[in-house]
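Order of the sequence lines sets the chain letters (A, B, ...), proteins ahead of strands, with each chain counted from 1. Worth knowing before you read on, the calculation uses all heavy atoms, side chains too, and leaves out hydrogens, waters and symmetry mates.
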Amino acid sequence: MVSRSSTRFLNICIASFCKAKHLQRAETVIIDGVRLGVLPDVVTYNTLINAYSRFVSFDAAYSVLDRMKEASIKPDIITYNSLIAGAMRHCLLSNCMDLFEEMLELGIKPDIWSYNTLMHCFFKLERPDDAYRTARWMLKELGASGLVPNVITYTTVMRCCFRSRRFEQGLEIFEEMIDKGYTFDGFAYCTVVGALVKTCRIEEASHYMERMVNTDIGLDMASYNTLINLYCKGGKLEMAHGVLDKMEKEGFERDEYTNTILMNGLCEEGDVEGAMEYMNVAGFNSNLVALNTMVDRCCKADQIDYAFKIFDSMHMRDSFTYSSLIHNLCKVGRFRCASKLLLSCVRSGTRILPSAKHAVFDCLRHSGHQREVKRLKSEIKLALSAVV
DNA sequence: AGTATCACTA
């Protein structure tokens, strides 16, 4: 009894160190605990798995599973749900699937959290149509196991619909969520508005935003950012600033989303320099999305050299970074530069957007370099096999 | 004491 309550205390310590990203301290506490006869349990390890997958790597998280085995502690459903979410965070879809299989083999029955997590993995990592089909299949599967889809399941399926451009169906799900009382917070509304704004359906988006504002759901940070983005994209920068003021009066501080949205708004108005200055002054110039935006906007403002300067300075790059540069290089006919960049993207293990790849091929073909296309394709193939 | 959904880039 004494040791059980000590373990509970240990877990509280571990959880707070993990929350503060002090993983080393958490490990020290475990060692000290063991010395005093306080043994970690499955909760301790689950906490570690989450922290390692969030702040370190999937491998670090997965290695906790080995430590559990050594300590003869059986992983539970939360262990596997956490590992699957961790694999998704690091874009490792096949690991997600393997873990799901492993869980079944161990006789651990997936719960609604497992399905929601797996569905989200597919949403994030697969092509929109595949993600949508998988989500539909999972709905059937979980129903067959007697599980009931919850608000998170609905939100995820709805996102799959929007992403695969099934707008009507997505909106139907939203109305169903209203009926079920699943719109007690801003999640569903922001999902709908975000998807509509992204596809330039500003009018429709405004309608749903209005519906949200007319409920008594308090606006949270994400809702404010959604609203500000709606105004920016609709070309109403003053309105956006009005909301910003209101938000700040209510005690919310603008975050990196807000800043990127505002910066985009400036670009949209044609003030790329102002956007650049805002980024530097507001101090979010290490934000990947903001930098990607600037790379793209500089290119479009005929400042490709400046875009390259930003590109070179970036500590992290993703498919957006490469794809927008490649697209813009193709547009101005710099096909050699574009294909070089395409290769370095593939070699860095970054997934290239198909549209960027095809832009390079088309660009080469149109400038009469048919042979180069063939060569580039085989080099990509080679690079891909080397990465995997 | 430990797990899953919203907002910014193309």
Tell me whether the side-chain N/O atoms of [X] come closer than 4.0 Å to OP1 or OP2 in [N].
| X | N | result |
| --- | --- | --- |
| A:Arg163 | B:dA10 | no |
| A:Lys124 | B:dT5 | no |
| A:Asn81 | B:dA4 | no |
| A:His327 | B:dA10 | no |
| A:Lys198 | B:dC8 | yes |

Requested in this report: Using modelled atom types only, decide if a donor and an acceptor are shared between the side chain of A:Asn229 and the backbone of A:Asn225 within a distance under 3.5 Å.
Outcome: no
Query raised in the report: Under the 3.5 angstrom rule, does the side chain of A:Arg254 hit a backbone N or O of A:Leu244 as a donor-acceptor pair?
Result: no
d([atom1], [X]; [atom2], [N]) in whole Å:
| X | N | atom1 | atom2 | value |
| --- | --- | --- | --- | --- |
| A:Asn328 | B:dA10 | CG | C1' | 10 Å |
| A:Asn287 | B:dA7 | CG | P | 15 Å |
| A:Tyr224 | B:dC8 | OH | P | 18 Å |
| A:Met88 | B:dT3 | CE | P | 14 Å |
| A:Met158 | B:dA4 | CE | C1' | 15 Å |
| A:Leu288 | B:dA10 | CG | C1' | 13 Å |
| A:Tyr52 | B:dT3 | OH | P | 16 Å |
| A:Asp185 | B:dA7 | CG | P | 13 Å |

Please work out if [X] contacts a base, only the sugar-phosphate, or nothing of the nucleic acid, heavy-atom cut-off 4.0 Å.
| X | answer |
| --- | --- |
| A:Thr191 | sugar-phosphate |
| A:Val42 | base |
| A:Arg54 | sugar-phosphate |
| A:Lys300 | nothing |

Side chain of [X] only, heavy atoms from C-beta on: which candidate in [options] is closest?
| X | options | value |
| --- | --- | --- |
| A:Phe187 | B:dA7, B:dA1, B:dT5 | B:dT5 |
| A:Asn50 | B:dA1, B:dT9, B:dT3 | B:dT3 |
| A:Asn225 | B:dA7, B:dT5, B:dA10 | B:dA7 |
| A:Arg297 | B:dA1, B:dT5, B:dA10 | B:dA10 |
| A:Asp318 | B:dA1, B:dT5, B:dT9 | B:dT9 |
| A:Ile78 | B:dT3, B:dA7, B:dT5 | B:dT3 |
| A:Val289 | B:dT5, B:dT9, B:dA10 | B:dT9 |

Query raised in the report: Among residues 241-262 of chain A, which residues get a heavy atom nearer than 4.0 Å to DNA chain B?
Result: A:Asp255, A:Tyr257, A:Thr260, A:Ile261
Query raised in the report: Is the A:Tyr208-A:Phe174 ring centre distance short of 6.0 angstrom?
Result: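 Here the rings of A:Phe174 and A:Tyr208 have centres that are less than 6.0 Å from each other.
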Report task. Establish whether the base of B:dA4 is bridged to the side chain of A:Asn150 by a donor-acceptor pair shorter than 3.5 Å. Result -> yes
Requested in this report: Establish whether the base of B:dT5 is bridged to the side chain of A:Thr155 by a donor-acceptor pair shorter than 3.5 Å.
Outcome: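 For A:Thr155, whose side chain was compared with the base of B:dT5, there is a donor-acceptor pair (under 3.5 Å).
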**Report entry** Charged tip of A:Arg163 within 45° of A:Tyr132 ring normal and under 6.0 Å
**Finding:** no
Query - Atom CZ of A:Arg211: over 12 foreign heavy atoms under 6.0 Å - result: yes
Query - Greater than 12 external heavy atoms within 6.0 Å of A:Glu141's CD - result: yes
Without placing hydrogens or testing angles, list every side-chain donor-acceptor pair under 3.5 Å for residues 302-311 of chain A, not counting sequence neighbours.
none

Report task. Fit a plane to each ring of A:His369 and A:Phe335, take the angle between them on a 0 to 90° scale, and name the class: parallel (under 30°), tilted (30 to 60°) or perpendicular (over 60°). Result ->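 Tilted: the ring planes of A:His369 and A:Phe335 meet at 30° to 60°.
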Requested in this report: Sequence neighbours left out, what pairs pass salt bridge (Lys or Arg N to Asp or Glu O under 4.0 Å) with at least one residue falling in residues 104-127 of chain A?
Outcome: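 The answer is none; no pair qualifies.
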